[in-house]
Colleague: 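This is the structure I have questions about; it appears just below.
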Amino acid sequence: MRRDGGRPLVMGVLNVTPDSFSDGGRFAFLEAAVAQARRMIEVGADLIDIGGESTRPGATPVEETVELDRVLPVIAAIREFSDIPLSIDTLKPAVARAAVQAGAWMWNDVSGLTASPDSLATAADLGCPVVIMHMQGRPATMQDDPRYDDPVTEVFADLEGRASAAIAAGVAREKIWLDPGIGFGKRLEHNLALMTALDRLAALGFPVLLGVSRKRTVMAIDPTAIDPNDRLGGSLAMALFGAAKGVAAIRVHDVRETVQALKVWAALGER
Ligand code: HH2
């Protein structure tokens, strides 16, 4: 699951939500999303994660039809010029199904297939790779008061339980990826403990996806990084730390910088 020099894959983030592109009408929105995908492919993205519903802390859910309207044209447009693997970042089984039918390769579910009673059966039926991420609570309120006695034990046990449930529902074991869900219902100390234990998560035998790019965890360590655009240094530090711990892929906004950092890291590791 890892590539040249043993470095993790880089998954570029393509958020197709109204706040992610300046509004200039439907076509301009689609054009901007596709242009961003092209740039990410040019600078070395291995996969692209497309999301039509924000899952940031405090984000409110969107209707299924709205989400479909946002993501399907983008998938179709990218498929016209590139065969790069696409993942669909959604909580909704119907959106995952339509996206896979339109050409997406992977379902990235930040609820770990718990958001809908149909999630497990849909994942089994689609037969595509699926990311099971850990989240305590739901995006609207998850950062209000997250609590754990032992975050590493609890999060890993939850992920193993979700993986077992998926396998019992008919998802092939080799299609399952795990993600500790950095920032999803977690305080700084929880996130740091999980980062430190990533090698133990990887040792469970599933590819691990890590999403740390521009997250508030960086601001919790560097309080001057209020603007997400000012969190590149911290994001790269966490990406390299994750690489050293054996993660299979890293979900990032800054594709060029992350690919470069990982290439240099891998070259140094070969000496
Ligand atoms: N983080 C975000 C969204 N999706 N998926 C996985 N598997 N892992 C993550 O860590 C993850 C994710 C949130 O990141 P961001 O892109 O900043 O916000 P959003 O996509 O909700 O707008």
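The model shown is predicted, which means the values in this text are computed figures rather than measured ones. We use all heavy atoms of the structure for the numbers below, so side chains are in, but hydrogens, waters and symmetry mates are not. In each ligand, atom 1 is the first atom listed, and ligand 1 is the first ligand listed. Throughout, residue positions are numbered sequentially from 1 according to the sequence presented.
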Colleague: Closer than 4.0 Å to some heavy atom of Val13 - which atoms of ligand 1 meet that?
Modeller: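 Going through ligand 1 atom by atom, the ones under 4.0 Å from Val13 are 16 (O).
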
Colleague: Which heavy atom of the protein is the closest neighbour of atom 10 (O) of ligand 1, given with residue, atom name and distance?
Modeller: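 For atom 10 (O) of ligand 1, the nearest protein heavy atom is Lys215 NZ, 2.6 Å.
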
Colleague: List every atom of ligand 1 that sits less than 4.0 Å from any heavy atom of Val110, numbering the atoms from 1 in the order shown and giving each element.
Modeller: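 That gives atoms 4 (N), 5 (N), 12 (C) of ligand 1.
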
Colleague: Quick one: is the NZ or CZ of Arg38 closer than 6.0 Å to the six-membered ring centre of Phe81, and within 45° of its axis?
Modeller: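 Flagged: Arg38 positioned over aromatic ring of Phe81.
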
Colleague: Quick one: does ligand 1 sit under 4.0 Å from the side chain of Arg251, the backbone, both or neither, non-hydrogen atoms only?
Modeller: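 The side chain, only.
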
Colleague: Could you check whether the rings of Tyr148 and His190 sit parallel, tilted or perpendicular, using 30° and 60° as the cut-offs?
Modeller: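 The arrangement is perpendicular - the two ring planes meet at more than 60°.
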
Colleague: Output the list of atoms in ligand 1 that are nearer than 4.0 Å to some heavy atom of Leu209, sorted by atom number.
Modeller: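 Those of ligand 1 that fall under 4.0 Å from Leu209 are 7 (N).
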
Colleague: Apply the test side-chain contact (heavy atoms from CB on, under 4.5 Å) to residues Met40 and Val10: give CA-CA distance (whole Å), side-chain angles for both, the deciding distance (0.1 Å), then the verdict.
Modeller: CA-CA 10 Å; Met40 291 196 291; Val10 172; over 6 Å; no

Colleague: Less than 4.5 Å apart, side chain to side chain, heavy atoms only: is that true for Arg7 and Val259?
Modeller: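 Side chain of Arg7 against side chain of Val259, heavy atoms only: contact under 4.5 Å found.
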
Colleague: Would you say Val130 and Met106 make side-chain contact, with heavy atoms under 4.5 Å?
Modeller: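 Side chain of Val130 against side chain of Met106, heavy atoms only: no contact under 4.5 Å found.
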
Colleague: Any idea which atoms of ligand 1 are less than 4.0 Å away from a heavy-atom of His253?
Modeller: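 Heavy-atom distances to His253 below 4.0 Å select 15 (P), 16 (O), 17 (O).
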
Colleague: Could you tell me whether Asp145 and Arg187 have a side-chain N and a carboxylate O separated by less than 4.0 Å?
Modeller: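 A salt bridge is present here (some side-chain N lies under 4.0 Å from a carboxylate O).
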
Colleague: In the protein, what heavy atom is nearest to atom 6 (C) of ligand 1, and what distance, to one decimal place, separates them?
Modeller: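 It is Asp179 OD2, 3.2 Å.
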
Colleague: Tell me whether Glu53 has any N or O atom under 3.5 angstrom from an N or O of ligand 1.
Modeller: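 There is no such contact.
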
Colleague: Taking only heavy atoms of Asn15, which atoms of ligand 1 are found under 4.0 Å from at least one of them?
Modeller: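 This gives 16 (O), 19 (P), 20 (O), 22 (O) as the contact atoms.
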
Colleague: Give me the residue, atom name and distance of the protein heavy atom closest to atom 18 (O) of ligand 1.
Modeller: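 Residue, atom and distance for the closest contact: Arg56 NE, 3.3 Å.
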
Colleague: In ligand 1, which numbered atoms sit nearer than 4.0 Å to a non-hydrogen atom of Asn108?
Modeller: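 Selected atoms, number and element: 5 (N), 6 (C), 7 (N).
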
Colleague: Phe206 ring centre to Arg173 NZ or CZ under 6.0 Å, with the angle to the axis within 45°?
Modeller: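 Judged by the rule, Arg173 and Phe206 form a cation-pi pair.
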
Colleague: Name the one of Asp179, Val252, Leu198 that satisfies side-chain contact (heavy atoms from CB on, under 4.5 Å) with Leu210?
Modeller: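 The residue from Asp179, Val252, Leu198 that satisfies side-chain contact (heavy atoms from CB on, under 4.5 Å) with Leu210 turns out to be Leu198.
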
